Trainee: 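Below: one structure in C-alpha cells.
Note that the coordinates shown come from a computational prediction; the quantities given were computed from them, not determined experimentally. We're numbering straight along the sequence, starting at 1.
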Amino acid sequence: MKKILIELRDSLYFLCSIQFWRMGVLWTSSIIYSYLQLWLNKVMFRKCKSYPRCSLKLSPSAAKRPVCVVTGATSGLGAAAALSLSKEGYYVVLAGRNAQNLSEAVKEIKQRQPDAHLKTFQVDLTSFESILKFKSSLQQWLLDSDMHTSIQLLVNNAGILATSRRFTAEGYDQMITTNYIAAFSVTNLLLPLLKNSCAPSRIVNVTSFTHRCVSGIDVCRKGLTGNDSLASKRYPCAQVYEYTKYLTATYKLSTVCLLMFSYQLHRQFCLDGHSPQVSVIAADPGVVETNLMREVPSHLSFLAIRILKFLGLLQSPDNGVEAIIDASLAPPEVSGEYFFGGNGRVTNSSSLSYDTKLAERLWTTSSNLFLELQLSYKNPAEKA
C-alpha cells in the first residue's frame, strides 16, 4: 500500500509540473506537425522528396563485410537497427553499457537472423574514459580479426530521458552527455576509421521531432555541460531532452545537439565542393514504444502510451527503425538530409537547426570541450 501511495504521489507531482505539459502538449504537437509537413509536401506542394535504399556488395568472407557500429544497441531502436542492418549484410558492432543486455540482444538477433555477424563491446557513454577504451578495443578487434581497419557506418542511437539530475564522472549533466557529448566524442574518435574506408562511409545521427519545441539556445560551455540547469530547483527534463536531441539541433540549458552537429559536419565535409567520402544524415524515427520513458511515473507513461496508440502515432521499434535504415542505406552521395516518416522520405527540420553561425559556435564549444576531455585522460592502453 505504501509503495502504491508513493507512486501516486510521484505521478501527481509530475502531472503538476511544466515538464509533463511540455511533453504532453508540445511534443505531441511537434510530431503531428512533422507528419502534416510530409502530407503537405506530397498533396499540396507535390514535392515529397525520397531516396531509394542501396544494396550492399557483399563478400562471402566475414572479414570483408562492411562494418557498422550501433550505440545503445541493447534494446528498442538500437536493437532493431542492429537486426535490420545485419539482414542487409553488415558486420554489426553492438555498443551498450550492460554486458548481460548485450548478450541477450545478440541472442534475440541470432534467433531472427541466424547468419548474422555480430560483435559486442561494453561501453558507458557517460564516461569519456570508457569511450576511449571502446575506440581502442574496436581498433584492436579489427586488427586481430584480419579485417580492414575501417568502418563503413556509425549509427549514434543512444539516448536517455532522465527525470532527475545526475552527473557524470567529469561533472557533466548525464542526459546531455549521453544524448550529445557522447555522440560528438564517438564520432570524432571513430572518424579516422570512417575516412579509412575504401568505400563511401556514413554517419547516421538518430534525432527527435522534439527539437521543434526549441526556439532559442545559448551555446556556451556551461550550457553544453549542463551547469545552467542547476539554477532551477526542479530538473527541466523535457527541455534538456529537446535540446540534446536537437544538437542535432541545440540545447538551451547546454547549447548542445545532434541536428546542428549533423548539418555542420556535413558542411565541413563538403567544403571542397565534391561529394564527401563520409556522408552525414539525421534520422528521426518519430514516436516509438521503447523504454525511453522508464523514469516517468508508470501511471503517466501508461496513459501516454494509450493516448499515442489511440492517435495512431505510436510505432513498434521494428516499424520506427525504418527511418534509420533509410538513412543508413541511402545512395552514397546523399548527405545533410533529415529522414523522417519511412519510405525513404526526407523533410525539413526546424529553421533554427539551419542557423549556420549558431552551428559554428556550437562546433567550436564542442571541439574545445572534446579537446579538454582528451587531455584529461591518458591512452587507455597505457593504464592497462
Side-chain angles (χ1 to χ4, degrees), residues 19 22-23 27 30-31 69-82 94-98 101-102 105 123-127 130-131 134 154-166 168 172-187 203-214 224 226 229 235-251 253-254 256-262 281-296 301 304 314-315 317 320-321 323-324 327-328 338-340 349 353 366:
Q19 307 308 318
R22 286 187 70 93
M23 295 166 68
W27 290 15
S30 295
I31 186 63
V69 175
V70 181
T71 66
T74 56
S75 63
L77 284 169
L94 293 83
R97 185 169 57 180
N98 186 286
N101 291 345
L102 282 169
V123 54
D124 181 359
L125 294 178
T126 66
S127 166
S130 181
I131 294 175
F134 166 60
L154 168 62
V155 180
N156 285 312
N157 162 77
I160 62 172
L161 175 59
T163 58
S164 61
R165 186 180 294 121
R166 296 192 293 270
T168 67
Y172 304 157
D173 180 275
Q174 191 179 93
M175 179 153 60
I176 299 171
T177 299
T178 303
N179 294 355
Y180 174 67
I181 296 177
F184 186 93
S185 300
V186 170
T187 299
I203 300 164
V204 174
N205 289 322
V206 180
T207 71
S208 169
F209 58 88
T210 60
H211 79 271
R212 299 187 185 278
C213 301
V214 182
L224 201 59
S229 66
Y235 185 65
C237 61
Q239 290 106 311
V240 172
Y241 184 78
E242 294 160 10
Y243 295 136
T244 54
K245 298 307 284 185
Y246 173 77
L247 246 17
T248 225
T250 306
Y251 177 39
L253 297 178
S254 77
V256 226
C257 263
L258 279 179
L259 257 181
M260 279 190 164
F261 168 52
S262 302
I281 294 177
D284 181 352
V287 185
V288 182
E289 188 172 4
T290 66
N291 61 359
L292 181 69
M293 296 182 68
R294 59 184 175 272
E295 294 190 27
V296 175
S301 61
L314 190 65
Q315 308 172 86
V321 78
I324 299 175
S328 301
Y338 181 80
F339 278 73
F340 173 79
S349 52
S353 65
S366 303

Trainee: Judged by modelled atom types alone, do D284 and T207 share a side-chain donor-acceptor pair under 3.5 Å?
Mentor: no

Trainee: So, using ring pair (Phe, Tyr, Trp, His ring centres under 6.0 Å) as the criterion, who are the partners of Y338 when residues are at least two apart?
Mentor: H211

Trainee: Would you please name every residue forming a side chain to side chain contact (heavy atoms under 4.5 Å, CB included) with T126, sequence neighbours left out?
Mentor: D124, T168, Q174, T178

Trainee: Please name the pair of heavy atoms, one in L77 and one in P285, separated by the smallest distance, quoted to 0.1 Å.
Mentor: CD1-CG, 3.5 Å

Trainee: Taking side chain to side chain contact (heavy atoms under 4.5 Å, CB included) as the test, write out the residues that go with A105, two or more places apart.
Mentor: L94

Trainee: Taking the six-membered ring for Trp, are the ring centroids of F209 and F340 within less than 6.0 Å of each other?
Mentor: no

Trainee: With sequence neighbours left out, what residues match T74 under side chain to side chain contact (heavy atoms under 4.5 Å, CB included)?
Mentor: N101, L102

Trainee: Can you measure from OG (S262) to CD1 (I203) and round to the nearest 0.5 angstrom?
Mentor: 8.5 Å

Trainee: For T71, check side-chain hydrogen bond (donor to acceptor under 3.5 Å, both in side chains) against everything at least two apart and list the hits.
Mentor: none

Trainee: Return the set of residues passing side chain to side chain contact (heavy atoms under 4.5 Å, CB included) with A182 (not counting sequence neighbours), or none when no residue passes.
Mentor: L125, I131

Trainee: Report yes or no: does N205 contribute a side-chain atom to a donor-acceptor pair with the main-chain N or O of A282 at less than 3.5 Å?
Mentor: no

Trainee: Search all heavy atoms of A283 against all heavy atoms of A323 and return the closest pair with its distance.
Mentor: CB-O, 3.8 Å

Trainee: Under the side-chain hydrogen bond (donor to acceptor under 3.5 Å, both in side chains) test, which residues partner T187, sequence neighbours left out?
Mentor: N156

Trainee: Name the one of V70, L154, V155 that satisfies side-chain contact (heavy atoms from CB on, under 4.5 Å) with S328?
Mentor: V155

Trainee: Output the distance between atom OG (S127) and atom CZ (F134), rounded to the nearest 0.5 Å.
Mentor: 13.5 Å

